[in-house]
Amino acid sequence: MAPVPELTAIAWVLLGISAVLVGISKTALPGANTISIAIFAALLPARESTGALLLLLIVADAFAIWTYRKHADWAVLRRLVPTVLAGLVLGAVFLALADDAEVRRVIGVILLLVIGITIWRRQAERRRDVRAAHEAAAREADAHEAAGADRTTAPGSQPSSHAPVAGRAAQHVQAGIYGTLGGFTTMVANAAGPVMSMYFLASKFSVKTFLGTAAWFFAVVNLVKLPFSVGIGLITVPTLLMDLVLVPTVVLGAFVGRWLVARMNQALFERLVIALTIVGAGYLLF
């Protein structure tokens, strides 16, 4: 029987901390496992680190689904399926043509672009909402001042019949862009987390809907990747034995994450997600 990998006590402590962060990343702070990726890659051979982390992510996915099973947005998940598959194919082609350094830089640049676009869009939407609120207040004041004015015919009171159609088109375009990037990045660098975090933020999900939708998305993606990882030797008996030691710390992290979410408001959650995504992009770039 193959032994557990020989590691120093400090290495085991660091792996345990990484496993706790894996649990927290699934139930509270998407992107926190970027730190885990870096620590695993530093302490284990590249192939072993990828396989070991995948198994721990699947364990954490199970806890995330159990915690947020009632909060997933299934319409969004259905829209993502074809685009993620397209991204996986593009990622496989890119892997066949590029070396490791190029892969990391491309993913890092993609993440920084996605972060910039997401922040810009959110700020533009806030400005538009503020402007719309001011205009609505001005119309209401005018209506009060106009003698005998009919409020039901106030300007802007009739919604555009084209708005729902335009909204649906925008949703499909958004899903196409982020889904393709998510499939591409998970194929080439196990780095779909930051991309999809930006998509779920752009979708204006509440904290629990964000975490529930992410839980189902990554559970399916990671399970699809599992047989391929076994087939190419990323997961071995020593890897399994090491993960058995670390699973309790993943469970601990998952419960810590649930405790944190109960004490976190929407604004803080969104700021932390963006910050951790920037950390992930920086790690891939440098």
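Small disclaimer: the values here were computed from a predicted structure and weren't measured.
- Using a 4.5 Å heavy-atom threshold, the side chains of L226 and I235 count as touching.
- Residues V250 and A60 share a closest heavy-atom pair of CG1-CB, 3.8 Å.
- Each of V89 and V84 belongs to its own hydrophobic cluster when Ile, Leu, Val, Met, Phe, Trp and Tyr are linked at side-chain heavy-atom distances under 4.5 angstrom.
- With hydrogens and angles disregarded, no donor-acceptor distance shorter than 3.5 Å links the side chain of E135 to the backbone of V130.
- Separation of atoms NZ (K204) and CD (E270) is listed at 10.0 Å; rounding is to 0.5 Å.
- A donor-acceptor pair under 3.5 Å is formed between the side chain of T213 and the backbone N or O of T209.
- In this structure, the ring of F210 has its center less than 6.0 angstrom from the ring center of F269.
- There is a path of hydrophobic side-chain contacts, each under 4.5 Å, that joins M242 to V245.
- Side-chain contact check for L29 versus V273: every heavy-atom pair is 4.5 Å or farther apart.
- Counting only distance, with no hydrogens or angles, the side chain of T27 and the backbone of A254 share a donor-acceptor pair below 3.5 Å.
- Minimum heavy-atom separation, G183 to L88: O-CD2, 3.4 Å.
- Judged purely by atom type and a 3.5 angstrom limit, Q266 uses its side chain to pair as donor or acceptor with the backbone of V207.
- When all heavy atoms of I24 and G253 are compared, the closest pair comes out as CG1-O, 3.3 Å.
- Rounding to the nearest 0.5 Å places CD1 of I58 at 5.0 Å from CG of L223.
- Looking at S18, its side chain does come within 3.5 Å of a backbone N or O of L14 through a donor-acceptor pair.
- Atom-to-atom distance recorded for L57:CG and K225:NZ is 8.0 Å, nearest 0.5 angstrom.
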Check your understanding: Should V81 and L77 be marked as a side-chain contact (heavy atoms from CB on, under 4.5 Å) after you check the CA-CA gap, both sets of side-chain angles, and the distance that decides it?
Key -> CA-CA 7 Å; V81 170; L77 290 171; 5.9 Å; no

Point to revise | Residues F218, M196; criterion side-chain contact (heavy atoms from CB on, under 4.5 Å); working and verdict | key: CA-CA 10 Å; F218 287 110; M196 299 316 298; 3.9 Å; yes

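- Note: the hydrophobic cluster containing L244 also contains L43 (ILVMFWY, side chain heavy atoms under 4.5 Å, direct or indirect links).
- Residues K208 and H71 share a closest heavy-atom pair of O-CB, 3.4 Å.
- Proximity of R258 to V261: side-chain heavy atoms (C-beta onward) are nowhere separated by under 4.5 Å.
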Check your understanding: Can L211 and F200 be said to form a side-chain contact (heavy atoms from CB on, under 4.5 Å), step by step?
Key -> CA-CA 9 Å; L211 293 169; F200 297 145; over 6 Å; no

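- You'll find the side chain of L44 reaches within 4.5 Å of the side chain of L7, heavy atoms only.
- Judged purely by atom type and a 3.5 angstrom limit, T180 has no side-chain atom pairing as donor or acceptor with the backbone of I177.
- I10 CD1: 12 or fewer foreign heavy atoms inside a 6.0 Å radius.
- With values rounded to the nearest 0.5 angstrom, L21 atom CG is found 8.5 Å from N33 atom CG.
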Exercise for review: Would you please test V22 and T249 for side-chain contact (heavy atoms from CB on, under 4.5 Å) and show each step?
Suggested key: CA-CA 9 Å; V22 167; T249 55; over 6 Å; no

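- Minimum interatomic distance between A219 and I65 (heavy atoms only, all atoms of both residues): CB-CD1, 3.4 Å.
- For the pair D243/T239, a side-chain contact is recorded, criterion being any heavy-atom separation below 4.5 Å from C-beta on.
- There is a path of hydrophobic side-chain contacts, each under 4.5 Å, that joins Y178 to L85.
- R271 contributes atom CZ, which lies 12.0 Å from atom CG of L201 (distance to the nearest 0.5 angstrom).
- When atom types are taken as modelled, the side chain of D73 and the backbone of V76 share a donor-acceptor pair closer than 3.5 angstrom.
- In terms of heavy-atom proximity, L272 sits nearest to M264 at CD1-SD, 3.9 Å.
- Relative ring orientation between W216 and W74 is described as tilted, the plane-to-plane angle lying within the 30° to 60° band.
- The backbone N or O of A32 lies less than 3.5 Å from no partner atom in the side chain of S25, so there is not a single donor-acceptor pair.
- F94 and F184 have tilted rings, their planes meeting at an angle from 30° to 60° on a 0 to 90° scale.
- With values rounded to the nearest 0.5 angstrom, L55 atom CG is found 10.5 Å from L246 atom CG.
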